[in-house]
Amino acid sequence: MSFCRDSAWKYLQSAHHEGDRNYSHYTSHDFYSQFGLEDVICTDDIPGTDEDTDSAVLFGTLRGNVVGLRYYTGVVNNNEMVALQREPNNLYDKNAVKVNNVSGNQVGHIKKELAAPLAYIMDNKLAIVEGVVPYGAKNAFTMPVQMSFWGKEENKQAVLDKLKVHGFKLAPLSKSNWVSGRAGPSYSAPGHAAVQMTTEQLKSEFDKLFEDLKEDDKTHEMEEAEAVGTPLLPHQKQALAWMVSRENSKELPLFWEEKNNFYYNTLTNFAEKERPENALGGILADDMGLGKTLATIALILTNFHDGKPLPVENIKRDQLYKVRGVFFVFVFCTASVQSVKKNYSEERPRTTLIICPLSVLSNWIDQFEQHIRPDVHLNIYIYYGPDRSKDPAFLSKQDVVLTTYNILASDYGVSLLHRLKWLRVVLDEGHTIRNPNAQQTKAALNLEAQRRWILTGTPIQNSLKDLWSLLSFLKLKPFTDREWWHRTIQRPVMLGEQGGLRRLQSLIKNITLRRTKTSKIKGKPVLELPERKVFIQHVTLTEEERKIYRSVKNEGKAAISRYFNEGTVLAHYADVLGVLLRLRQLCCHPHLCTNTSSSSDSTPEELREKLVNKMKLVLSSGSDEECAICLDSLNLPVITHCAHVFCKPCICEVIQSEQPNAKCPLCRNELRVEHLVEYPLEESESSIEKGDREWISSSKINALMHALIDLRKQNPAVKCLIVSQFTTFLSLIETPLKESGFVFTRLNGSMTQKKRVQAIQSFQDSHTGSPTIMLLSLKAGGVGLNLTAASRVFLMDPAWNPAAEDQCFDRCHRLGQKQDVVITKFIVKNSVEENMLKIQNKKRELAAGAFASKKLTASEVKQTKINEIKTLIDL
DNA sequence: ACCGCCGGGTGCC
DNA sequence: ACCGCCGGGTGCC
């Protein structure tokens with residue numbers, strides 16, 4: 001195996017965080033070209049954006065006509081679904097509405113009299129209009145179309161009125177005819193009512209969606225290719241067998257049937273002459289720690305070319321005798337090496353592209369090194385860093401190209417990655433593309449590949465909607481188009497129709513393999529993990545600490561109640577977070593709370609600095625702030641003049657689309673691109689740490705040290721993680737650790753890759769004299785971080801988001817952990833920390849009811865934030 | 001389109 | 001006849 005990684009590797013070693021690149025010197029134009037956004041930002045609106053579709057009710061139906069059939073090539077079947085699409089630039093009628101079949105070919109137009117009110121309704125997003133051709137599909141000039149109007153209740157009257165003005169009237173149709181996502185029977189057999197489910201039933205069904213997927217056909221095992229250096233566990237052999245069979249499948253995709261030399265899609269009634277290609281790939285959704293990476297490496301090597309494995313080269317004859325014991329194997333191998341090499345060409349791509357978050361890039365490299373036999377030759381290139389290759393021919397000669405989502409997204413439009421045809425694309429932590437509007441999602445969806453895989457431990461995080469981009473990436477016909485996904489699956493399921501859920505279930509079953517840590521194989525658990533126990537240890541502040549806490553709290557509470565009275569809480573969101581942050585810091589240590597000057601702003605420079613400080617507050621407070629636009633973690637955070645933080649691509653898109661009077665999505669203040677302030681490059685944190693104040697202890701530190709010394713008495717070899725969101729706090733803890741003679745190491749988000757690797761290796765080392773303690777910042781490192789040497793965790797301060805804590809605990813409670821894991825959470829009594837626990841519990845409940853708690857709208861997000869603030873400050 | 005609509009040709013019975 | 005009626009030309013938006 002050879003790694004072509006010199007320059008990129010060096011860069012990787014010193015790069016610490018993908019968000020650290022500073023774009024502030026770019027103009028907005030540069031910014032857009034950087035991301036290839038010019039093409040993307042002005043894309044036509046897809047009918048049915050999230051808010052429209054989720055709360056949509058059926059207003060009624062209307063029979064209309066499709067005209068101009070003879071001018072277009074698109075054909076339909078009776079009972080086939082059609083899409084209605086506005087065509088505002090039509091030369092003859094600005095109200096034109098096109099009618100397209102399922103594969104997007106135009107069938108005709110809606111007759112102009114009807115197009116007039118439709119255009120108004122569609123342009124103003126008063127309703128989503130969907131069509132089915134009930135009969136007359138073979139007509140030469142016109143055909144009927146049954147339209148259904150879906151929208152928000154509050155828009156119903158406007159729709160009815162508009163239609164009435166033009167002389168149309170909606171026919172209300174009994175719901176059962178319409179809930180069904182299937183085009184056909186909705187009309188031909190209106191008698192049978194769809195079986196409705198309660199929200200409760202639906203929720204539990206949905207929760208089970210990814211469980212119990214162990215079908216008989218997925219228990220088949222397959223031996224890995226010789227080139228795989230690590231013997232696979234039984235469940236990994238199952239994964240390999242399943243993945244290979246998915247890639248080599250010649251079957252028709254789900255929901256397609258062959259009838260009279262045509263291929264019918266049973267959901268939409270669409271038919272085509274050409275055989276629809278099956279998605280050669282799927283979703284490997286095994287729990288973390290079951291070896292998705294290893295399974296994928298085994299897949300690459302085992303299904304290397306034409307269903308054959310990567311041949312083992314340079315292998316000595318006597319070794320071969322040992323391995324196989326038969327001479328002809330050798331002959332077969334060398335022969336196939338040559339044929340394999342010869343068969344590569346433009347049309348037959350050889351390269352697997354793997355895209356992962358930066359944090360697990362090094363994990364992939366390690367795993368390739370670990371799991372490929374050293375005598376096997378595999379070209380692996382790490383496409384990362386400023387000196388990455390710009391040569392498509394070079395990339396296409398690799399067997400594996402590794403890159404990150406950020407590289408993928410930032411190269412979108414100019415990139416090599418989107419010009420090449422890949423043999424296979426693998427998205428690691430594939431849920432990162434669950435937001436269809438995110439750049440990385442769009443970039444991923446535009447890759448060309450024969451085989452497509454998504455690796456993820458969390459296939460559905462919030463709702464059904466998250467699934468769409470995954471399915472779209474897999475190129476599953478006809479779901480690639482959001483309208484068909486929505487009409488055939490998403491809405492029927494949301495409306496509680498059993499047929500819809502059944503379709504969803506068989507779809508998921510068809511393309512997903514998921515085993516959990518507790519799954520069993522032949523009666524034995526897949527993995528046996530030791531227990532994990534969480535204890536909460538209450539800490540009481542000293543009278544002195546309490547005095548400071550109380551005064552800061554009273555001051556902050558007064559300010560916040562003033563904001564509430566003025567109704568400006570969200571406008572002062574950064575200030576509110578600031579108050580809460582100071583309180584949380586005071587729970588840990590009085591020295592954490594440094595005064596931030598709050599002079600009234602005057603010069604632009606001062607304003608800028610003030611904004612940067614506010615943003616730092618929001619970001620460094622570890623509040624796990626989400627961008628209110630994409631509702632995802634912040635990517636390239638920027639702060640507005642009204643002090644709200646968003647992803648730069650997200651807010652730029654808003655500004656672009658609302659030109660010229662863009663408003664802040666949170667407070668409706670005026671927004672300008674040139675007013676956005678970027679997050680500056682992180683200065684080394686030591687500047688704050690070297691506050692040169694004399695070291696003092698705190699109640700929490702005392703509690704920690706007491707526990708550590710106790711523990712050492714019982715067992716001097718036991719290793720601990722000490723976790724905090726405040727790196728300054730970790731620094732303060734260093735002092736008593738040294739005094740008490742503990743050997744410790746430390747892992748921060750801001751450390752270089754090289755230093756991190758060193759820290760992790762020394763901590764994982766089991767020799768006496770190796771560090772027994774690691775100081776860990778809560779969010780350092782991604783899911784790949786393996787700290788199984790630790791069996792005790794001390795969480796010094798609670799996080800807003802319990803998932804962040806759990807993720808942190810999983811870094812030691814994972815495959816390889818031999819002991820029970822004991823976690824201690826220090827919580828200060830009668831403080832903001834106790835209130836944070838309340839919020840954590842609420843969030844846990846919400847997460848448990850993943851499906852019932854559909855994704856929040858912007859205003860719901862606001863309300864949630866307001867409620868949280870009230871809880872936190874005791875209002 | 002085996003329609004509808006348009007507009008030119010036409011005009012007592 | 002500033003009409004009716006006839007029959008040819010014509011046809012999405």
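In the text below, chain A, chain B and the rest are named by the order of the sequence lines, each starting its count at 1. Values in this document were obtained by computation on a predicted structure and should not be read as measured data.
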Any N or O donor-acceptor pair linking the side chain of A/D93 to the base of C/dC13 at under 3.5 Å?
->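 A donor-acceptor contact between them is absent.
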Base C/dC12 to side chain A/Y72, donor-acceptor N/O within 3.5 Å cut-off |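 Side chain to base: pair found, below 3.5 Å.
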Partner set under side chain to side chain contact (heavy atoms under 4.5 Å, CB included) for A/K98, not counting sequence neighbours =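 Partners of A/K98 under the side chain to side chain contact (heavy atoms under 4.5 Å, CB included) test: A/Q85, A/E87, A/N100, A/Q106, A/H109.
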For atom [atom1] of [X] and atom [atom2] of [N], their distance in whole Å:
X	N	atom1	atom2	value
A/L118	C/dC12	CG	P	19 Å
A/F141	B/dC5	CZ	P	17 Å
A/L84	C/dC13	CG	C1'	14 Å
A/L69	B/dA1	CG	C1'	12 Å
A/E87	C/dC13	CD	P	12 Å
A/M143	B/dA1	CE	C1'	15 Å

Distance check: side-chain N/O of A/R70 vs OP1/OP2 of C/dC12, anything under 4.0 Å?
->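 Yes, A/R70 has a side-chain N/O under 4.0 Å of OP1/OP2 on C/dC12.
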Can you check the distance between [N] and [M], where both ends of the measurement are the [atom1] atom (answer in whole Å)?
N	M	atom1	value
C/dC13	B/dC2	C1'	26 Å
C/dC6	C/dA1	C1'	15 Å
C/dG8	C/dC3	P	25 Å

Ignoring the backbone of A/Y71, work out which of C/dC13, B/dA1, C/dG11 is nearest its side chain.
-> C/dG11
For A/N155 against A/L126, the heavy-atom pair lying closest together |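 Looks like CB-O, 3.4 Å.
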Got a sec: does the NZ of A/K273 have more than 12 other heavy atoms crowding it under 6.0 Å?
-> yes
Aromatic ring pairing A/H418/A/Y412, orientation class (parallel under 30°, perpendicular over 60°, tilted between) = tilted
So how far is it from A/I121 CD1 to A/F59 CZ, rounded to the nearest 0.5 Å?
-> 9.0 Å
Numerically ordered, the residues 104-115 of chain A set in heavy-atom contact under 4.0 Å with DNA chain C is A/H109, A/I110, A/K111, A/K112
With both distances kept under 3.5 Å, what pairs with C/dC12, Watson-Crick or G-U wobble?
-> none
Using distance alone, with no hydrogens and no angle criterion, decide if A/Y264 and A/N269 have a side-chain donor and acceptor under 3.5 Å apart.
->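 Distance-only check fails for A/Y264 and A/N269.
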Would you please name every residue forming a side chain to side chain donor-acceptor pair (under 3.5 Å) with A/E257, sequence neighbours left out?
-> none
